[in-house]
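See structure below.
Throughout, a chain's letter reflects where its sequence line sits, starting with A, and its residues are numbered from 1.
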There are 2 protein chains.
Amino acid sequence: MSEDLASAAVPAHTTVARGSRNDNTRRHNLSSLLTAVHYGGPLTRAQLTRDTGLNRSTIGGLVTELAQLGLVIEDSAAETGAVGRPSLIVRPDRRVVALALHPDVDAIELGAVAIDGTVLARRRASVDAPPTPQDAAAFAWEAAREIGQEIPGLRVVGAGAAVPGLVAADGATVVDAPHLGWRGVDFREVLAEALTLPVVVGNDANMGLRAEWSFGAARGVDTVVFLNGSASGIGGAALVGGRMLRGGRGYGGEFGHMMIRSDGERCSCGRSGCLETVLNAERLDAVAHDDAALDALASTLADAIANLECAFDPDLVLLGGYLGSLYAVRRPLVDARVEELAFRPDVEDVAIARTALGGNRLLIGAAERAFAALLQDPAGVALVAL
Amino acid sequence: MSEDLASAAVPAHTTVARGSRNDNTRRHNLSSLLTAVHYGGPLTRAQLTRDTGLNRSTIGGLVTELAQLGLVIEDSAAETGAVGRPSLIVRPDRRVVALALHPDVDAIELGAVAIDGTVLARRRASVDAPPTPQDAAAFAWEAAREIGQEIPGLRVVGAGAAVPGLVAADGATVVDAPHLGWRGVDFREVLAEALTLPVVVGNDANMGLRAEWSFGAARGVDTVVFLNGSASGIGGAALVGGRMLRGGRGYGGEFGHMMIRSDGERCSCGRSGCLETVLNAERLDAVAHDDAALDALASTLADAIANLECAFDPDLVLLGGYLGSLYAVRRPLVDARVEELAFRPDVEDVAIARTALGGNRLLIGAAERAFAALLQDPAGVALVAL
DNA sequence: GTTAAAATGTTCCCGCAGAAAACATATACC
DNA sequence: GGTATATGTTTTCTGCGGGAACATTTTAAC
């Protein structure tokens with residue numbers, strides 16, 4: 001609501017924007033508060049009053065409603081040393097969780113992620129062959145049951161799945177996950193039926209960036225380009241003005257298939273010179289002890305970053321997986337070449353960083369997607385006992 | 001407010017979202033209605049009632065307020081043939097205008113654009129040397145004065161300027177417009193002082209896409225990549241999920257400096273193989289009668305489009321200027337190569353189109369930027385007699 | 001220790017927003 | 001000309017946040 005005008009989204013022209021009612025106001029304010037404690041951790045009611053600009057009494061009513069919904073807990077203040085009556089501390093109730101599933105070639109993993117972003121429990125199963133959607137769903141059900149017995153009192157908002165492959169914009173259909181062998185699968189339906197929960201499915205790189213944005217290295221940054229090097233190739237994602245780049249069909253951010261060498265080799269996708277054919281895990285392993293070859297790969301990475309910078313002008317370029325490793329060992333070279341290639345006048349602002357969340361990244365990101373509905377309408381989403 | 005959850009923007013984490021009040025509701029609804037008639041032309045109150053989901057009586061009150069503000073006009077219905085009392089027709093008041101300025105190398109142009117998107121009047125001055133910011137502002141003042149005398153009763157919301165060059169995200173500073181020789185100029189201040197109006201400054205390609213999105217070939221499309229070929233190079237812009245791509249500093253969408261040939265020539269920007277060094281107006285003119293060379297340039301264009309598609313997954317790729325002309329004469333080749341290179345599984349959805357608004361594009365786009373504040377808060381923006 | 005000052009929580013009342021119902025009006029159809 | 005239908009208008013009602021007054025809890029001053 002309070003965005004700057006320059007980038008404010010004008011409502012779509014073909015469809016008239018929905019009218020707003022008083023209860024939308026209430027929903028918006030409940031959402032603002034729950035979102036604030038979700039990302040910002042424990043906050044006092046006084047801080048919430050200042051930050052939202054709402055009245056003390058209004059904040060009181062809103063927080064009370066959130067507490068009655070079982071979403072936040074109010075604690076007496078710790079010693080602050082400040083004059084005046086101490087403000088109550090509002091923190092998210094960690095018994096509110098989302099399930100996060102990550103099916104991959106060699107393992108399936110499920111986690112229960114609390115509303116404050118902490119991973120409360122996880123289950124992992126190694127597999128010999130890539131799991132089918134049904135395998136993944138069955139494992140999710142079993143693992144969720146175990147976690148529910150281990151930690152009593154959990155209330156689940158839904159489940160998110162991070163799938164290595166193309167996922168349609170509907171958040172349901174895995175269009176093509178070549179390494180898993182999934183093609184045109186409505187994985188949302190499969191998983192929702194197994195868990196009897198609302199499910200949202202997304203691409204793994206997108207989920208990863210979402211996690212780093214919420215709780216990791218891209219926290220609070222508005223415009224981010226993410227490149228993640230994994231065994232299955234290079235995953236890409238972008239955050240544009242505080243929103244995930246999705247694209248018309250959901251396939252946006254496939255930077256691994258950006259053409260980076262016009263004379264490059266044929267890629268599995270049918271094109272030539274794709275970033276991930278020039279710079280991939282095998283090639284990196286093969287030249288690990290060849291300084292000149294490493295330099296060449298680092299230079300390729302810098303070319304890709306420079307290209308993405310002139311398209312997106314990000315505040316931050318985030319590197320994960322083997323791309324993060326490569327950056328770590330060739331940071332001066334990459335930085336220098338990016339700066340040299342940078343089209344932008346104020347190159348001193350170019351920021352490149354490695355991911356921060358490690359093995360929890362995909363679980364946290366998938367859970368974030370599942371939490372989105374609750375954060376947007378705290379009073380309108382039903383929680384289910386696990 | 002009624003977006004799908006998949007791409008819903010989660011409020012920034014570091015800053016707590018502002019609280020919402022009842023008057024925000026009113027503002028939102030006024031904005032929805034004015035925006036609807038701005039883009040959708042005359043609409044009946046009955047249609048507005050259905051589309052917004054608001055109550056008849058509420059719509060009545062809102063429309064009355066907009067009419068009292070002098071922003072819309074209510075007309076008796078034309079013959080519809082339908083049973084029942086005819087609904088009043090709501091249309092934007094065309095006396096509400098924005099000024100639009102386009103300073104370029106060889107000319108300066110100013111237009112008065114009505115709130116329905118029509119260009120009511122324009123003034124153009126050819127110049128021998130690129131104008132200074134002060135030249136442009138002085139011309140704007142003089143031309144505005146003339147138009148004000150020619151068409152009495154106009155009420156101005158503000159002015160927008162489309163500048164061929166890098167404009168900072170603040171909507172004020174021209175960071176570098178090489179062809180004009182402007183560098184680090186606060187053109188907003190210069191122009192605002194001359195016109196005594198609120199001013200917003202933007203990049204010409206961004207303004208162009210905004211215009212085509214509002215009233216042209218990209219109307220109603222949510223995700224668009226725009227490439228415009230002009231004498232000063234290739235301008236780029238993108239619309240991502242209904243929002244203009246801006247980037248952290250405002251330099252997003254510079255697709256002309258995307259590296260398209262890894263072995264290409266040096267570009268003026270310091271990099272090599274930039275799209276606009278491989279494919280530019282001079283080169284296109286030079287090979288206009290050489291079919292093979294034209295094919296090669298068309299193929300380069302297709303490569304660029306394919307790259308942008310894998311990054312943005314747009315619903316539409318929009319081509320303007322000489323790139324539109326090139327596409328017109330080599331459409332089968334470009335289409336085929338884009339489809340061949342397309343990474344996306346459902347390539348049948350790739351849409352490429354030429355721009356539709358012609359010489360009015362930049363004026364309309366700049367005016368749109370100026371109208372944005374009014375559309376967002378119809379009751380909160382003061383109009384000034386021209 | 002007592003009192004004052006400061007900050008916050010709580011309660012009650014007000015104004016404003018849109019919803020809903022009742023009523024008024026304008027058209028088409030028979 | 002009467003009726004059905006759709007829409008504009010007026011009135012009443014509910015819900016939300018603001019704000020003032022009061023209550024509570026702390027620190028600081030004496």
Side-chain angles (χ1 to χ4, degrees), chain A residues 1-2 16-33 42-68 72-90 377-380, chain B residues 1-2 16-33 42-68 72-90 377-380:
Chain A
M1 286 243 176
S2 57
V16 177
R18 293 293 297 177
S20 181
R21 281 164 272 274
N22 275 357
D23 48 306
N24 282 37
T25 302
R26 184 73 173 184
R27 186 173 344 178
H28 177 268
N29 288 340
L30 287 172
S31 170
S32 297
L33 295 191
L43 292 169
T44 66
R45 274 166 60 164
Q47 285 174 292
L48 291 171
T49 301
R50 276 189 293 270
D51 293 347
T52 57
L54 295 174
N55 193 278
R56 278 213 299 274
S57 57
T58 307
I59 293 290
L62 291 165
V63 170
T64 301
E65 182 168 349
L66 289 177
Q68 282 170 349
V72 304
I73 295 175
E74 282 193 290
D75 283 328
S76 295
E79 303 274 316
T80 62
V83 67
R85 176 175 176 171
S87 189
L88 295 174
I89 290 179
V90 184
D377 184 12
Chain B
M1 287 241 172
S2 58
V16 176
R18 293 292 300 178
S20 182
R21 281 164 275 273
N22 273 0
D23 48 307
N24 282 37
T25 302
R26 186 70 174 185
R27 184 171 341 168
H28 176 268
N29 288 340
L30 286 172
S31 169
S32 297
L33 295 191
L43 291 169
T44 66
R45 272 164 64 162
Q47 284 174 292
L48 291 171
T49 301
R50 277 189 293 271
D51 292 346
T52 59
L54 294 174
N55 193 279
R56 276 213 301 271
S57 58
T58 306
I59 293 290
L62 290 165
V63 170
T64 301
E65 183 169 349
L66 289 176
Q68 281 169 350
V72 304
I73 294 176
E74 284 193 288
D75 281 330
S76 294
E79 304 273 315
T80 62
V83 68
R85 177 175 175 171
S87 189
L88 295 174
I89 290 178
V90 183
D377 184 11

* **Thr58(A) side-chain proximity, nearest of dT27(C), dG18(C), dG18(D)** => dG18(D)
* Which nucleotide in the set dT26(D), dT8(C), dT27(C) lies at the smallest distance from any side-chain heavy atom of Ala46(A)? -> dT8(C)
No-H, no-angle donor-acceptor pair, [X] side chain to [N] base, under 3.5 Å:
{"X": "Ser57(B)", "N": "dG18(C)", "value": "no"}
{"X": "Arg21(B)", "N": "dG17(D)", "value": "no"}
{"X": "Asn22(B)", "N": "dC16(C)", "value": "yes"}

Let me know the distance between [atom1] of [X] and [atom2] of [N], rounded to the nearest Å.
{"X": "Asp23(B)", "N": "dG15(D)", "atom1": "CG", "atom2": "P", "answer": "20 Å"}
{"X": "Arg50(B)", "N": "dA6(D)", "atom1": "CZ", "atom2": "P", "answer": "10 Å"}
{"X": "Leu54(A)", "N": "dG19(D)", "atom1": "CG", "atom2": "C1'", "answer": "13 Å"}
{"X": "Glu74(A)", "N": "dT8(C)", "atom1": "CD", "atom2": "P", "answer": "14 Å"}
{"X": "Leu33(A)", "N": "dG17(D)", "atom1": "CG", "atom2": "C1'", "answer": "13 Å"}
{"X": "Asn55(B)", "N": "dT9(D)", "atom1": "CG", "atom2": "P", "answer": "13 Å"}
{"X": "Ile89(B)", "N": "dG8(D)", "atom1": "CD1", "atom2": "C1'", "answer": "15 Å"}
{"X": "Leu62(A)", "N": "dT8(C)", "atom1": "CG", "atom2": "C1'", "answer": "16 Å"}

* Output yes when at least one side-chain N/O atom of Arg45(B) is less than 4.0 Å from OP1 or OP2 of dT9(D), else no. => yes
* **5' priority, DNA chain D, between Arg85(A) and Leu30(A) [closest heavy atom]** => Leu30(A)
* Structure fact -> Nearest-nucleotide check on DNA chain D, Arg56(A) vs Gly53(A); residue mapping nearer the 5' end is Gly53(A)
* Asked: Which part of the nucleic acid, if any, lies within reach of Ser87(A) when heavy atoms closer than 4.0 Å are counted: base, sugar-phosphate only, or nothing?
  -> sugar-phosphate
